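In what follows, a structure is listed as structure tokens, so that the remarks can point back to it.
Heavy atoms only: backbone and side chains are in, while hydrogens, waters and symmetry mates are out. Order of listing sets the numbers, starting from 1, for every ligand and every atom in it. Computed from a predicted structure; not experimentally measured.
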Amino acid sequence: MNKKVNLYCNIFLLAFLSFNAHSQINYDDAKVPEYNLPEMLISNNGEKIQTSEDWINIRRPEIIELFEDYVYGRFPEAYLEIKFETIKTDSNALCGRAIQKNIVAYFIKEGDTIQMELLIFIPTNTTKPIPLFLGMNFYGNQAIHPDSSIPITKSYVLNNPEYHIFNHTATYESRGTDSSSWPVERVLERGYGLATFCYGDLDPDFDDGFKNGIHSLLDYSEKDDPNELSSISAWAYGLTTAMDYFETDEHINKNQIVVFGHSRLGKTALWAGAIDQRFAIVISNNSGCGGAALSRRKIGETVKDINTMFPHWFSKNFHDFNDKENELPIDQHMLIGLIAPRPVYVGSAEQDKWADPYGEFLSLYHAGPVFKLFGSDIIEKDTLPEINKLLWTGKMGYHIRTGTHEITRFDWEKYLDFADYHFSRKEK
Ligand code: GTR
């Protein structure tokens with residue numbers, strides 16, 4: 001998302017706040033309430049977790065269950081039948097730079113189907129399976145690059161008049177309008193594949209009581225559950241389904257898939273990366289509340305703000321913690337902990353105060369003890385690094401760059417460098 005989108009988000013935010021006269025946004029660290037984070041390394045029955053085995057066998061499953069029960073909702077017990085179809089393979093796409101694949105994943109339940117359209121670019125100058133970045137998009141596949149062969153997304157997309165998107169419907173004129181967020185050629189040049197699909201394929205981004213999108217295929221009993229699949233979980237389900245596809249594609253190295261996302265899709269990337277250990281690296285860009293930022297700090301966007309503005313992003317149970325963050329049995333550092341021992345990178349932006357950059361950093365810092373169980377170096381100090389200066393420690397990466405709530409070329413270069421290092425393609 002670029003600055004213009006940020007402007008729309010801010011207009012929306014101002015409208016929300018003027019409706020909600022009692023809400024006072026706190027951007028002052030001095031006003032952060034006293035809080036104690038829940039114990040990452042004490043099991044539900046009070047045992048201290050001292051080894052990576054105990055983490056894997058005892059504490060990690062407990063924490064996943066807590067996030068399912070209190071924040072993101074549960075995936076359906078029985079997964080839906082999923083079929084993949086290759087609609088097109090073009091070995092000479094983007095002026096010979098890429099192999100382009102259009103794959104459709106069909107989610108099927110007793111004759112009803114919804115579909116997810118996966119767009120994949122693979123560098124042509126490669127002889128072995130390539131590492132790949134996977135991220136969802138807001139505006140449809142056609143918005144990430146102006147190439148006219150990219151099918152126009154038919155499902156729900158985010159509105160953006162600047163991008164010629166009205167009534168949540170992608171248009172021909174929206175081709176390439178979000179390309180500043182998607183440096184496709186640069187990613188290919190760095191030797192990575194890039195895959196994307198529109199988040200609206202899985203679940204349109206509005207509150208309809210969990211009826212449309214993937215929810216339409218779930219059993220009625222599951223729909224009444226306060227832990228039902230939230231929109232964030234529905235989108236995460238799309239990411240894990242894309243991973244299912246990658247496992248079948250000989251061009252792609254299934255052991256080197258990086259899942260990333262910006263903003264609400266950054267929250268989703270963290271959740272998908274936390275539960276699905278097939279993702280080798282997890283990257284959150286400006287994910288904020290319900291993503292990398294600690295909820296208990298109540299700075300910028302709070303649990304109440306997010307549940308009021310976007311009631312469908314999280315499960316109904318999460319709403320019980322509006323203004324009661326201290327009663328949550330988890331906080332977001334535990335989401336980062338679930339990614340251990342795999343590498344995780346959190347990117348913040350200086351002016352993105354709504355997302356609480358320091359709270360995003362603190363989640364990484366407080367996830368340290370889990371990474372330490374695996375013998376990894378951890379961030380030693382809880383001081384925010386200098387602006388535009390990278391912090392790489394063991395499996396953790398962090399930066400706070402100048403600028404606003406968006407994903408920039410600077411962010412991309414750092415994420416590519418981080419992947420290069422952890423996939424042993426380059427030194428730091
Ligand atoms: C904001 C929301 C944030 C962030 C962002 C986005 O309005 O309050 O939590 O996720 O939207 O996804 O664009």
TODO: Quick one: sort the Y156 and F206 rings into parallel, tilted or perpendicular, breaks at 30° and 60°.
DONE: tilted
- [ ] Would you confirm whether S263, through its side chain, and L265, through its main-chain N or O, come within 3.5 Å as a donor-acceptor pair?
- [x] no
Task: Sub-4.0 Å atoms of ligand 1 with respect to non-hydrogen atoms of S263 - done: 4 (C), 5 (C), 6 (C), 10 (O), 12 (O), 13 (O)
Open item on the list: Assess, by modelled atom type and distance only, whether the side chains of D417 and Y421 contain a donor and an acceptor separated by less than 3.5 Å.
Closed with: no
Task: Those atoms of ligand 1 less than 4.0 Å from some heavy atom in F310 - done: 2 (C), 7 (O), 8 (O)
Task: Whether over 12 other heavy atoms sit under 6.0 Å from N36 CG - done: no
TODO: Select one of side chain, backbone, both or neither to describe which atoms of E301 lie under 4.0 Å from any atom of ligand 1, heavy atoms only.
DONE: side chain
- [ ] Compute whether any side-chain donor of one residue and acceptor of the other, for Y398 and S348, lie under 3.5 angstrom apart.
- [x] yes
Task: Within reach of ligand 1, part of Y199 (heavy-atom separation under 4.0 Å) - done: neither
- [ ] Check each heavy atom of K267 against ligand 1 and say whether those closer than 4.0 Å belong to the side chain, the backbone, both or neither.
- [x] side chain
Task: ligand 1 N/O within reach of R264 N/O, cut-off under 3.5 Å - done: yes
Open item on the list: Around atom CD of E386, are there more than 12 heavy atoms from other residues, nucleotides or ligands closer than 6.0 Å?
Closed with: no
TODO: Give the contacting part of I306 toward ligand 1: side chain, backbone, both or neither, where contact means a heavy-atom distance below 4.0 Å.
DONE: side chain
